Amino acid sequence: MNTEATRLGDREIYLLGVLAERNDIIKIGPGRLPRGCDDTHARALLEVGYAVENAYRLADGRDERLYQITRKGMDAWRSYRFVH
(Lines give C-alpha, C1' and ligand atoms only; values in the text may rest on other atoms or scores of the structure.)
Protein backbone atom coordinates (compact mmCIF):
# COMPACT_ATOMS: atom_id res chain seq x y z
CA MET A 1 0.00 0.00 0.00
CA ASN A 2 1.29 3.44 -0.91
CA THR A 3 1.53 5.57 2.21
CA GLU A 4 2.42 8.78 0.39
CA ALA A 5 -0.42 11.27 0.23
CA THR A 6 -1.63 12.03 -3.26
CA ARG A 7 -1.50 15.75 -3.80
CA LEU A 8 -4.44 17.29 -5.59
CA GLY A 9 -3.92 20.34 -7.76
CA ASP A 10 -6.32 23.07 -8.79
CA ARG A 11 -7.85 21.06 -11.64
CA GLU A 12 -8.50 18.04 -9.42
CA ILE A 13 -10.14 20.28 -6.82
CA TYR A 14 -12.21 21.91 -9.57
CA LEU A 15 -13.35 18.50 -10.82
CA LEU A 16 -14.17 17.46 -7.25
CA GLY A 17 -16.27 20.63 -6.93
CA VAL A 18 -18.13 19.81 -10.15
CA LEU A 19 -18.96 16.37 -8.77
CA ALA A 20 -19.97 17.84 -5.40
CA GLU A 21 -22.24 20.49 -6.91
CA ARG A 22 -24.02 17.92 -9.05
CA ASN A 23 -24.14 15.44 -6.14
CA ASP A 24 -25.20 12.76 -8.58
CA ILE A 25 -23.67 10.73 -11.36
CA ILE A 26 -21.86 12.58 -14.14
CA LYS A 27 -21.75 10.84 -17.48
CA ILE A 28 -18.35 11.35 -18.99
CA GLY A 29 -17.58 10.10 -22.46
CA PRO A 30 -14.35 10.62 -24.36
CA GLY A 31 -13.47 14.32 -24.27
CA ARG A 32 -16.39 15.22 -22.00
CA LEU A 33 -14.66 16.00 -18.70
CA PRO A 34 -15.21 19.55 -17.44
CA ARG A 35 -13.14 22.24 -19.14
CA GLY A 36 -9.46 21.97 -18.30
CA CYS A 37 -9.70 18.50 -16.76
CA ASP A 38 -8.47 15.28 -18.30
CA ASP A 39 -8.11 11.62 -17.37
CA THR A 40 -5.08 12.40 -15.18
CA HIS A 41 -7.17 14.70 -12.99
CA ALA A 42 -10.00 12.19 -12.74
CA ARG A 43 -7.56 9.37 -11.87
CA ALA A 44 -6.15 11.46 -9.01
CA LEU A 45 -9.64 11.66 -7.46
CA LEU A 46 -10.12 7.92 -7.93
CA GLU A 47 -6.77 7.10 -6.32
CA VAL A 48 -7.60 8.95 -3.09
CA GLY A 49 -11.14 7.56 -2.95
CA TYR A 50 -12.92 10.87 -3.60
CA ALA A 51 -14.75 9.47 -6.61
CA VAL A 52 -15.72 6.14 -8.11
CA GLU A 53 -15.85 5.23 -11.77
CA ASN A 54 -18.02 2.81 -13.68
CA ALA A 55 -16.92 2.16 -17.24
CA TYR A 56 -18.92 0.41 -19.91
CA ARG A 57 -19.13 0.07 -23.67
CA LEU A 58 -22.13 1.46 -25.55
CA ALA A 59 -23.89 -0.57 -28.24
CA ASP A 60 -22.15 1.49 -30.93
CA GLY A 61 -18.73 0.51 -29.54
CA ARG A 62 -17.89 3.78 -27.77
CA ASP A 63 -16.62 3.68 -24.20
CA GLU A 64 -18.38 5.74 -21.57
CA ARG A 65 -17.53 6.32 -17.93
CA LEU A 66 -19.66 7.45 -15.03
CA TYR A 67 -17.99 9.35 -12.18
CA GLN A 68 -19.69 9.78 -8.84
CA ILE A 69 -18.43 11.55 -5.75
CA THR A 70 -18.04 9.40 -2.66
CA ARG A 71 -18.90 10.37 0.89
CA LYS A 72 -15.17 10.79 1.51
CA GLY A 73 -14.97 13.11 -1.50
CA MET A 74 -17.99 15.13 -0.35
CA ASP A 75 -16.50 15.52 3.12
CA ALA A 76 -13.18 16.60 1.61
CA TRP A 77 -14.93 19.14 -0.62
CA ARG A 78 -16.88 20.61 2.28
CA SER A 79 -13.65 20.97 4.28
CA TYR A 80 -11.71 22.36 1.34
CA ARG A 81 -14.26 25.08 0.61
CA PHE A 82 -13.88 26.58 4.06
CA VAL A 83 -10.12 26.25 4.34
CA HIS A 84 -9.15 27.82 1.00
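Please read all numbers here as calculations on a predicted model, not as lab measurements.
For Arg71, there are no salt bridge (Lys or Arg N to Asp or Glu O under 4.0 Å) partners at least two apart in sequence or on another chain. Residues meeting the side chain to side chain contact (heavy atoms under 4.5 Å, CB included) test with Asp60, sequence neighbours left out: Leu58, Arg62.
In this structure the side chain of Trp77 never reaches within 4.5 angstrom of the side chain of Leu19, judged on heavy atoms. Between Tyr56 and Leu66 the shortest side-chain heavy-atom distance falls below 4.5 Å.
In summary, Asp75 and Lys72 do not engage in a salt bridge, as defined by a charged side-chain N under 4.0 Å from a carboxylate O.
With values rounded to the nearest 0.5 angstrom, Thr40 atom OG1 is found 11.5 Å from Leu45 atom CG. Here Glu12 contributes atom CD and His41 contributes atom NE2; the two are 4.5 Å apart, rounded to the nearest 0.5 Å. Here the straight-line distance linking atom OH of Tyr14 with atom CG of Leu8 works out to 16.0 Å at 0.5 Å rounding. Taking CD from Glu53 and CZ from Arg43, the interatomic distance works out to 4.5 Å, rounded to the nearest 0.5 Å. Note that OH of Tyr67 is 8.0 Å distant from CG of Leu15, once rounded to the nearest 0.5 Å.
Side chain of Arg11 to main chain of Asp38: no donor-acceptor pair is present (N/O by atom type, distance under 3.5 Å, no hydrogens or angles).
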